[in-house]
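Structure first, then comments.
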Amino acid sequence: MSKLIPLHDFISENHCDFPSTELSSILGAIEKAGKNISKDIRKAGLVDHILGSKGSQNIQGEEQQKLDVVADLAFIEAFEESGQICGFASEENDNFVAFQNKEAKNATYVVLFDPLDGSSNIDVNVSIGTIFSVYKRISPLGNEAVLEDMLQEGTKQVLAGYVLYGSSTMLVYSTGNGVNGFTLDPESENFCLSHRNMRMPEIGRLYAMNEGNINECEEGLSNYISYCQSRENQTGMPYSGRYIGSLVADFHRNLIKGGIYIYPDVLSAPKGKLRLLYECNPLAFIAEQAGGLASTGRKRILEIKPEELHHQRVPYYVGSKLMVEKAMSFLKK
Ligand code: AHG
Ligand code: MN
Ligand code: MN
């Protein structure tokens with residue numbers, strides 16, 4: 001096997017991928033926290049602080065798992081330590097946080113993240129992940145970060161990606177020059193390049209939706225799902241249904257194999273369930289950078305102007321280009 005290329009070396013060799021050293025050290029912070037969480041997860045059933053519920057709720061009224069909070073703290077600590085972040089917003093925190101020290105006030109970037117995606121899968125040993133998104137601040141350097149720094153369109157992302165804690169741990173990111181994937185080598189404890197220039201197949205044979213919601217969604221979508229299950233579809237064979245229930249893992253599978261992931265607006269979640277800032281935007285950025293698409297069904301995700309931090313949810317159609325386009329063609333304009 002050819003020599004493994006650690007993330008650090010890859011970054012040094014690809015200056016054009018990282019317009020600033022600050023941005024590469026933010027990725028370094030994500031790498032560090034991701035490794036720590038990965039280690040924790042590998043010990044899940046053996047230690048007290050990983051499995052089970054925390055007994056508290058986040059700002060969105062969702063029950064917090066212990067690992068939601070552990071991961072949140074690990075990433076916040078790494079961001080603060082990096083000195084390159086003036087503020088952050090996380091799914092698990094009540095409000096955005098502006099770091100108060102002088103170094104942070106002079107930092108250029110903000111991070112938005114979902115520390116642990118797929119909480120319901122933590123206790124059952126199924127893949128989960130961390131999703132992140134980095135923006136340049138709008139507010140002037142030397143000041144505290146403000147809400148407007150967090151509420152930027154997805155097109156403005158300068159770095160986005162995820163860490164997937166699956167059968168192996170992977171870090172996938174883009175700075176807007178394509179997508180690269182790194183696998184954590186348990187021996188050297190380095191993320192090493194394993195998936196160079198990832199491209200999402202234009203079409204696949206997999207569809208992912210929580211079909212428990214099928215009677216609660218718009219007619220056009222249930223017609224599209226019937227089309228997926230028929231021989232009339234673009235491949236002439238019924239697609240296979242695959243739904244893990246961790247967006248990040250469903251997305252990663254479709255990125256590699258080709259497929260579509262759908263979380264529509266449903267009666268119980270009239271604007272959709274997934275959060276624009278913490279989940280949809282970063283994965284939409286990766287999807288587009290890999291040749292895929294991400295839409296509400298009617299509008300490009302990355303062009304939505306965010307209006308609120310926590311409660312902004314959107315219907316989500318993401319994946320292989322031809323499949324997302326086809327799904328959209330079933331929806332009423
Ligand atoms: P989180 O664990 O960060 O709250 O996100 C859960 C999300 C997403 O990961 C997943 O695709 C979706 O919720 C699953 O929802 P259903 O259980 O309604 O299918
Ligand atoms: Mn999530
Ligand atoms: Mn989460």
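The residues of the chain are indexed from 1 along the displayed sequence. Computation of the quantities below employed the complete heavy-atom set of this structure, encompassing side-chain atoms and omitting hydrogens, waters and symmetry-equivalent molecules. Order of listing sets the numbers, starting from 1, for every ligand and every atom in it.
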Next on the checklist: Students should be able to answer this: which protein heavy-atom is nearest to atom 10 (C) of ligand 1, and at what distance?
Outcome noted: Gly245 O, 3.3 Å
Checklist entry - Where do Lys35 and Ser38 land on the side-chain contact (heavy atoms from CB on, under 4.5 Å) test, with the steps shown first? => result CA-CA 5 Å; Lys35 278 183 200 174; Ser38 177; 5.6 Å; no
Item to check | Point-to-point distance, once rounded to the nearest 0.5 Å, from CD1 of Ile5 to CG of Asn14 | outcome: 8.5 Å
Next on the checklist: Let me check your reading of the structure: within less than 2.8 Å of the Mn ion (ligand 3), is there an N/O/S atom from Gly118?
Outcome noted: no
Item to check | Shortest protein contact, atom 7 (C) of ligand 1 (heavy atom only) | outcome: Leu274 CD2, 3.9 Å
Checklist outcome for this item: Looking only at protein heavy atoms, what sits closest to atom 4 (O) of ligand 1 is Arg275 NH2, 3.1 Å
Checklist entry - At what distance is the nearest protein heavy atom to atom 9 (O) of ligand 1, and which residue and atom is it? => result Asp117 OD1, 2.7 Å
Checklist entry - In Glu91, what N, O or S atom is nearest to the Mn ion (ligand 3), if we give its atom name? => result OE2
Checklist entry - Is it the case that Asp72 and Ser90 place a side-chain donor and acceptor less than 3.5 Å from each other? => result yes
Item to check | Atom of Asp114 nearest the Mn ion (ligand 3) (restricted to N/O/S, atom name only) | outcome: OD1
Checklist entry - What atom name does the N, O or S atom of Glu279 nearest to the Mn ion (ligand 2) carry? => result OE2
Checklist entry - Gln234 and Tyr239: side-chain donor and acceptor closer than 3.5 Å? => result yes
Checklist entry - If you check every N/O/S atom of Asp117, which is the one nearest the Mn ion (ligand 2)? => result OD1
Checklist entry - Only one of Asp185, Thr183, Thr169 forms a side-chain contact (heavy atoms from CB on, under 4.5 Å) with Phe191, so which one is it? => result Thr169
Next on the checklist: We want to know whether Ser133 and Gln157 form a side-chain donor-acceptor pair, criterion being a heavy-atom distance below 3.5 angstrom.
Outcome noted: yes
Checklist outcome for this item: Taking only non-hydrogen atoms of Leu247 and a 4.0 Å limit, the atoms of ligand 1 in range are 8 (C), 9 (O), 10 (C), 11 (O)
Checklist entry - Got the closest protein heavy atom to atom 11 (O) of ligand 1, with its distance? => result Tyr261 OH, 2.8 Å
Checklist outcome for this item: With heavy atoms and a 4.0 Å threshold, my read on which part of Ser246 contacts ligand 1 is backbone
Next on the checklist: Minimum distance, heavy atoms only, to atom 18 (O) of ligand 1: which one of Tyr263, Phe251, Tyr243 is it?
Outcome noted: Tyr263
Checklist entry - To the nearest 0.5 Å, how far apart are CD in Glu202 and NZ in Lys321? => result 5.5 Å
Next on the checklist: With heavy-atom distances below 4.0 Å as the criterion, list the atoms of ligand 1 near Lys273.
Outcome noted: 12 (C), 13 (O), 14 (C), 15 (O), 16 (P), 17 (O), 18 (O)
Checklist entry - Relative to the heavy atoms of Leu116, which atoms of ligand 1 are at a distance of less than 4.0 Å? => result 2 (O), 3 (O)
